[in-house]
Amino acid sequence: MKKKLITIDLDGTTLNNESKITPKTIEVFKKTQHAGHMISIVTGRPYRISKQYYQQLGLDTPIVNFNGALCHMPHELEWSAQYHKTLHRDIALDMLSLKKHMEIDMIAAEVKDSVYADQFYMPNKDFFPDEKKGTNTLTAKNLKDDPTSVCVFTKKENQASITNELITRYGDSIEIRTWGGDTPCLEIVSAGVQKALGVECIADAYGFKQQDIIAFGDEDNDYEMIQYAGHGVVMKNGIDALKSIANDITQKTNNEDGLASYLENYLHLA
């Protein structure tokens, strides 16, 4: 079989419902790499809360973070193909006023490996791995650089109204996506940023044709990646809108090793 670029989402796809990578997934990924295929993580998560999975899988490939705003090589800081797209600092600070009239648990701006939050709130155990350590308060005084993204944490039922307000305020200068599985987050990034941007960057750097890309995802933020890949696969637990454009759907969910089982069969690794 021709060598493939396999791009994998994390939450709801590679990770189970406990945000863990199972031994089965690790085993199949090792077989996949041994067969000459390339695996890259493409996630909405910042690198600071996805690097543990990158290391656990023993990857040495580029990774895409922040839904496509950052494409980089963790062990090669001067990788020639890397890019980093940021959001204007003024937009991040202006978002703080949303809390005056909307139900929002936390607003957090991500700057490289640092996070600035308007208050300390634990959306999930991974978001602040060291609890308050390394967390700065989101204020005009503290936030000096343009952030990569701004995360808005709220209940799922509030997301539509907040999204509408963001679009009204900032129009086509931003993109809004979700990630986080059971603890969903609205992530605001610069206009034009989406996961397919990072996938295309990696494919170009390594000479993969679009037809030789296999992408796995489950959520709204995977839409362009699934659409762009030569073979876009949506998890059984994925949203219907994504399934409607998929080339295929896994027979099992993320909590049943659905990705690993699909790869094992598709690439004839068993």
Side-chain angles (χ1 to χ4, degrees), residues 5-15 19 21 38-87 92 107-117 123-124 126-130 134-135 145-153 174-181 183-206 213 215-226 228-229:
L5 168 61
I6 300 157
T7 60
I8 56 168
D9 171 52
L10 287 177
D11 296 282
T13 302
T14 306
L15 307 183
S19 296
I21 298 175
M38 180 173 164
I39 298 172
S40 277
I41 293 172
V42 183
T43 179
R45 288 177 176 237
Y47 182 61
R48 65 181 181 82
I49 56 171
S50 54
K51 64 183 176 183
Q52 70 270 34
Y53 302 118
Y54 183 90
Q55 292 165 353
Q56 186 181 359
L57 291 170
L59 299 178
D60 59 359
T61 52
I63 180 172
V64 177
N65 294 104
F66 301 106
N67 281 321
L70 175 64
C71 181
H72 61 120
M73 186 83 81
H75 62 278
E76 191 179 328
L77 299 180
E78 300 302 319
W79 182 50
S80 60
Q82 69 184 352
Y83 70 78
H84 183 200
K85 297 183 180 295
T86 57
L87 190 68
I107 297 175
E110 297 276 355
V111 181
K112 295 182 180 176
D113 291 326
S114 301
V115 59
Y116 296 77
N124 56 55
D126 291 334
F127 195 79
F128 295 116
D130 301 318
T135 306
D145 299 315
D146 288 341
T148 309
S149 73
V150 175
C151 293
V152 176
F153 289 93
I174 62 168
E175 301 280 353
I176 307 166
R177 293 302 161 93
T178 60
W179 63 267
T183 53
C185 158
L186 283 176
E187 183 169 60
I188 297 88
V189 291
S190 180
V193 166
Q194 30 90 357
K195 287 187 175 184
L197 196 68
V199 175
E200 184 177 20
C201 173
I202 296 171
D204 288 348
Y206 287 86
I213 301 170
F216 289 87
D218 71 305
E219 259 288 356
D220 162 76
N221 63 335
D222 298 310
Y223 194 93
E224 288 87 356
M225 177 173 74
I226 295 296
Y228 175 77

Show the nearest heavy-atom pair for residues [X] and [Y], with the distance to one decimal.
X: Ser19; Y: Tyr53; answer: O-OH, 2.7 Å
X: Cys151; Y: Glu187; answer: SG-OE2, 3.9 Å
X: Ala229; Y: Ile213; answer: CB-O, 3.6 Å
X: Ile39; Y: Ile8; answer: CG2-CD1, 3.8 Å
X: Ser50; Y: Leu10; answer: CB-CD1, 3.8 Å

Worksheet item: Step by step, would you call His75 with Tyr54 a side-chain contact (heavy atoms from CB on, under 4.5 Å)?
Response: CA-CA 11 Å; His75 62 278; Tyr54 183 90; 3.8 Å; yes

Worksheet item: Does a donor on one side chain and an acceptor on the other come within less than 3.5 Å for Asp218 and Thr13?
Response: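 Their side chains do contain a donor-acceptor pair, which is all the 3.5 Å distance test asks for.
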
Discussion item. With no hydrogens and no angle check, just 3.5 Å: does a side-chain donor-acceptor pair link Asp9 and Thr43?
Written reply: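 Not at all, the side chains of Asp9 and Thr43 share no donor-acceptor pair under 3.5 Å.
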
Between [X] and [Y], is any pair of side-chain heavy atoms under 4.5 Å apart?
X: Asp222; Y: Lys195; answer: yes
X: Ile188; Y: Leu87; answer: yes
X: Val64; Y: Met225; answer: no

Between [atom1] on residue [X] and [atom2] on residue [Y], distance to nearest 0.5 Å:
X: Asn65; Y: His84; atom1: CG; atom2: NE2; answer: 9.5 Å
X: Ser149; Y: Arg45; atom1: OG; atom2: CZ; answer: 13.0 Å
X: Cys71; Y: Phe66; atom1: SG; atom2: CZ; answer: 13.0 Å

Worksheet item: When you measure from the centre of the six-membered ring of Tyr83, is the NZ or CZ of Lys85 under 6.0 Å away and within 45° of the axis?
Response: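 That pair qualifies as a cation-pi contact.
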
Discussion item. Between Arg48 and Glu110, does any NZ, NE, NH1 or NH2 come within less than 4.0 Å of an OD or OE carboxylate oxygen?
Written reply: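 Yes, Glu110 and Arg48 are salt-bridged.
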
Worksheet entry | Charged N-O contact under 4.0 Å between Arg177 and Glu224 |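 Salt bridge between Arg177 and Glu224, a charged N being under 4.0 Å from a carboxylate O: yes.
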
